[in-house]
Enquirer: 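Would you mind keeping the following structure in view while I ask a few things?
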Amino acid sequence: MEDKRLGNFLRARRELLQPEDVGLRRVGRRRVPGLRREEVAMLAGVSVGYCIRLEQGRERHPSEQVLAALASALRLDSQEETYFYELAGRVATCRNAEESDQVSSIVRRILLDLNHPALVIGRYHQVLFRNALADELYRGLCYGRDLLRLVFLDPAAREFYPDWETIALRTVASLRANVGANLADPQLIELVTELSTQSQDFRRMWPRHDVRAKVREATRIRHPEVGEIILTCETLTVNSTPDQQIIIHCAEPGSPSQRKLSILAESSLRTPEGKDVD
């Protein structure tokens with residue numbers, strides 16, 4: 001049985017658009033709803049015959065260039081574009097990396113109201129925002145605003161993470177989970193090249209191809225001010241910006257770790273507002 005999901009999606013999105021939605025003039029009587037195939041083909045820079053084959057399910061493997069052109073022609077938003085790429089068996093690249101690095105005011109306010117260290121990270125583990133208590137937790141680290149570089153390039157990492165090997169393996173595995181099959185992304189290539197050049201441990205771990213998304217996990221941290229803290233880290237996704245994840249650090253109620261976090265919380269009152277990436 002032919003898989004016509006890609007073609008059905010294209011037809012449905014085409015029929016929902018009007019000529020004026022895409023900057024075209026409405027000329028003459030229109031016998032079909034929405035845009036004509038000829039108009040989509042013109043906007044995307046492909047042939048009408050190719051559009052027909054796509055909609056009929058006779059062509060199911062368009063190139064990334066064609067997918068990007070059709071997504072633009074049909075005015076697909078980021079979620080629709082991701083779905084469109086998945087139907088074609090490909091991984092969508094983020095069209096607006098700058099937008100994916102912007103933490104919404106709502107997310108920031110939620111984190112600021114938490115009594116736990118919390119931060120927002122991007123696809124490549126860059127820290128986009130963290131609240132005041134997270135500032136105290138990561139204070140003094142050279143790479144406190146980049147969790148990958150913190151683990152592999154920060155001289156203090158092995159002291160900060162007593163279980164460094166476990167943390168490092170988790171971090172590499174979650175990077176692979178984040179990027180999926182999109183290994184040709186220039187930003188990823190640049191990051192992997194840098195870490196491979198500067199860290200023998202990263203060169204050892206990256207070829208393992210471990211894949212594991214961030215989940216709830218226990219982490220030991222040795223803080224220079226209060227000593228060892230045992231935290232449970234919960235990771236949440238931000239559906240409005242899928243490349244972003246919220247990491248919340250929690251200590252067991254009534255435990256020594258919770259008391260130590262309370263000490264850090266008192267220090268954080270001097271700088272109550274969380275911080276964006278510089």
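Values reported hereafter were calculated over all heavy atoms of this structure, with side chains retained and with hydrogens, waters and symmetry mates removed.
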Enquirer: Check for a donor-acceptor pair, side chain of D243 on one end and backbone N or O of R123 on the other, with a separation under 3.5 Å.
Expert: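 Pair absent, no side-chain N/O of D243 close to backbone of R123.
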Enquirer: Answer whether the closest heavy-atom distance between the side chains of R176 and W206 falls below 4.5 Å.
Expert: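 The answer is yes; the side chains approach within 4.5 Å.
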Enquirer: Any luck finding a side-chain donor-acceptor pair between H125 and S174 under 3.5 Å?
Expert: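 Yes, a side-chain donor-acceptor pair sits under 3.5 Å.
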Enquirer: Look up atom CG in L169 and atom CG in D163, then write down how far apart they are to the nearest 0.5 Å.
Expert: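 It comes to 11.5 Å.
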Enquirer: Indicate if F160 and I230 have the same hydrophobic cluster label, given that clusters are the connected sets of ILVMFWY residues with side-chain heavy-atom separations under 4.5 angstrom.
Expert: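 No.
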Enquirer: Apply side chain to side chain contact (heavy atoms under 4.5 Å, CB included) to A251 and list each qualifying residue two or more places apart in sequence or on a separate chain.
Expert: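 With sequence neighbours excluded, A251 shows a side chain to side chain contact (heavy atoms under 4.5 Å, CB included) to L231, S255, S257, Q258, L261, given in chain and number order.
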Enquirer: So which heavy atom on L35 is nearest to which on R14, and how close?
Expert: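 Minimum heavy-atom separation between L35 and R14: O-NH1, 2.8 Å.
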Enquirer: Just so I know, are the side chains of Y161 and I221 near enough to count as touching, which here means a heavy-atom distance under 4.5 Å?
Expert: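 Yes, their side chains come closer than 4.5 Å.
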Enquirer: Do side-chain atoms of R145 reach the backbone of V127 as a donor and acceptor pair under 3.5 angstrom?
Expert: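 Such a contact is absent between R145 side chain and V127 backbone.
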Enquirer: Quick one: do the R11 and N8 side chains pair a donor with an acceptor below 3.5 Å?
Expert: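 Side-chain D/A pair, R11 to N8: present.
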Enquirer: Could you tell me which non-hydrogen atom of I247 sits nearest to which non-hydrogen atom of C233, and how far apart they are?
Expert: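 Looking at all heavy atoms of both residues, the shortest contact is CG2-CB, 4.3 Å.
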Enquirer: Please name the pair of heavy atoms, one in M42 and one in L24, separated by the smallest distance, quoted to 0.1 Å.
Expert: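 Minimum heavy-atom contact is CE-CD2, 3.5 Å.
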Enquirer: Minimum heavy-atom separation for P117 to L137, with atom names?
Expert: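 Taking P117 first and L137 second, the nearest heavy atoms are CB-CD2, 4.0 Å.
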Enquirer: Enumerate donor-acceptor pairs with a distance under 3.5 Å from any side-chain N or O in residues 210-218 to protein atoms, sequence neighbours excluded.
Expert:
{"unit_1": "D210", "atom_1": "OD2", "unit_2": "R208", "atom_2": "NE", "d": "2.8"}
{"unit_1": "D210", "atom_1": "OD2", "unit_2": "R208", "atom_2": "NH2", "d": "3.0"}
{"unit_1": "R212", "atom_1": "NH1", "unit_2": "E217", "atom_2": "OE1", "d": "3.4"}
{"unit_1": "R216", "atom_1": "NE", "unit_2": "E234", "atom_2": "OE1", "d": "2.7"}
{"unit_1": "R216", "atom_1": "NH2", "unit_2": "E234", "atom_2": "OE1", "d": "3.0"}

Enquirer: Taking all non-hydrogen atoms of both residues, which atom of V40 and which atom of A73 are closest, and how far apart?
Expert: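 Closest approach of V40 to A73: O-CB, 4.3 Å.
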Enquirer: Decide side chain to side chain contact (heavy atoms under 4.5 Å, CB included) for L16 and R13; before the verdict, give the C-alpha distance in whole Å, the side-chain angles of both, and the deciding distance to 0.1 Å.
Expert: CA-CA 5 Å; L16 288 173; R13 303 315 300 177; 3.4 Å; yes
Enquirer: Would you say the side-chain atoms of E159 pair up with the backbone N or O of A156, donor to acceptor, closer than 3.5 Å?
Expert: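 It does not hold such a pair.
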Enquirer: Are more than 12 heavy atoms, taken from residues, nucleotides or ligands other than N115, located less than 6.0 Å from that residue's CG atom?
Expert: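 Atom CG in N115 is not packed in, count stays at 12 or less.
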Enquirer: Would you compute the distance between atom CG of L147 and atom CG of L175 and round it to the nearest 0.5 angstrom?
Expert: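 Reported to 0.5 Å precision, the distance equals 11.5 Å.
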Enquirer: Quick check for you: to the nearest 0.5 Å, what is the distance between N131 atom CG and I110 atom CD1?
Expert: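 Spacing of CG (N131) from CD1 (I110) equals 12.0 Å.
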Enquirer: With a 4.5 Å heavy-atom cut-off, do V46 and L54 have their side chains touching?
Expert: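 Sidechains of L54 and V46: no contact.
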Enquirer: What pairs of residues pass the ring pair (Phe, Tyr, Trp, His ring centres under 6.0 Å) test when at least one of them lies in residues 27-65, not counting sequence neighbours?
Expert: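 Every pair satisfying ring pair (Phe, Tyr, Trp, His ring centres under 6.0 Å) with a residue in residues 27-65: there are none.
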Enquirer: A side-chain contact here means heavy atoms from C-beta on lying under 4.5 Å apart; do I106 and S240 qualify?
Expert: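 No, their side chains stay 4.5 Å or more apart.
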Enquirer: Can you tell whether the side chains of R139 and E225 come within less than 4.0 Å, N to carboxylate O?
Expert: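 The answer is no: the pair does not qualify as a salt bridge.
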Enquirer: Is E190 atom CD crowded by more than 12 heavy atoms from other residues, nucleotides or ligands, each under 6.0 Å away?
Expert: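 Counting neighbours around CD of E190, 12 or fewer heavy atoms of other residues, nucleotides or ligands fall under 6.0 Å, so no.
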Enquirer: How many angstroms lie between CG in L128 and CG in D146, if you round to the nearest 0.5 Å?
Expert: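 Interatomic distance, L128 CG to D146 CG, rounded to 0.5 Å: 10.0 Å.
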Enquirer: Closest heavy-atom contact between E59 and P62?
Expert: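 Smallest interatomic distance, heavy atoms only, reads OE2-N, 3.8 Å.
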Enquirer: Could you give all pairs that pass the ring pair (Phe, Tyr, Trp, His ring centres under 6.0 Å) test and reach residues 164-193, with sequence neighbours left out?
Expert: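 Checked against ring pair (Phe, Tyr, Trp, His ring centres under 6.0 Å) - neighbours excluded - the pairs reaching residues 164-193 are F152-W164.
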Enquirer: Quick check for you: to the nearest 0.5 Å, what is the distance between D21 atom CG and R75 atom CZ?
Expert: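 The CG atom of D21 sits 8.5 Å away from the CZ atom of R75.
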Enquirer: Would you call R5-E86 a salt bridge at under 4.0 Å N-O?
Expert: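 Looking at E86 together with R5, the answer is no, because their closest N to O distance does not fall below 4.0 Å.
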Enquirer: Donor-acceptor pair, distance only, cut-off 3.5 Å: does the side chain of R130 make one with the backbone of Y138?
Expert: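 Checking the backbone N and O of Y138 against the side chain of R130, no donor-acceptor pair under 3.5 Å is found.
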Enquirer: CD of E20: more than 12 outside heavy atoms within 6.0 angstrom?
Expert: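 Yes, because the 6.0 Å sphere around CD of E20 holds more than 12 heavy atoms from other groups.
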Enquirer: Could you list who else is in V48's hydrophobic cluster, with ILVMFWY side chains joined at under 4.5 Å, directly or through other members?
Expert: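 So far as hydrophobic clustering goes, V48 is joined with I52.
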Enquirer: H249 versus L119: any side-chain heavy-atom pair under 4.5 Å?
Expert: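 They are in side-chain contact.
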Enquirer: Could you grab the distance from atom CG of L6 to atom CG of L67, nearest 0.5 Å is fine?
Expert: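 Nearest 0.5 Å value for the CG-CG distance: 7.5 Å.
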Enquirer: Side-chain heavy atoms nearer than 4.5 Å, only ILVMFWY residues, links allowed to pass through others: does that put L74 and Y83 together?
Expert: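 Both belong to a single hydrophobic cluster.
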Enquirer: V107 versus Q244: any side-chain heavy-atom pair under 4.5 Å?
Expert: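 V107 vs Q244: side chains apart.
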Enquirer: Would you call F202 and L191 a side-chain contact if the rule is heavy atoms closer than 4.5 Å?
Expert: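 No; the side chains remain at least 4.5 Å from each other.
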Enquirer: Taking side chain to side chain contact (heavy atoms under 4.5 Å, CB included) as the test, write out the residues that go with L153, two or more places apart.
Expert: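 For L153, the residues satisfying side chain to side chain contact (heavy atoms under 4.5 Å, CB included) (neighbours in sequence not counted) are Y143, R149, E194, L195, Q198, S199.
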Enquirer: In terms of hydrophobic clustering (I, L, V, M, F, W, Y; side-chain heavy atoms under 4.5 Å; direct or indirect links), are I189 and V192 co-clustered?
Expert: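 Result: no, two separate clusters.
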Enquirer: What I'd like to find out is whether the side chain of L133 reaches to under 4.5 Å of the side chain of L264, using heavy atoms alone.
Expert: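 Heavy-atom side-chain distance check passes, below 4.5 Å.
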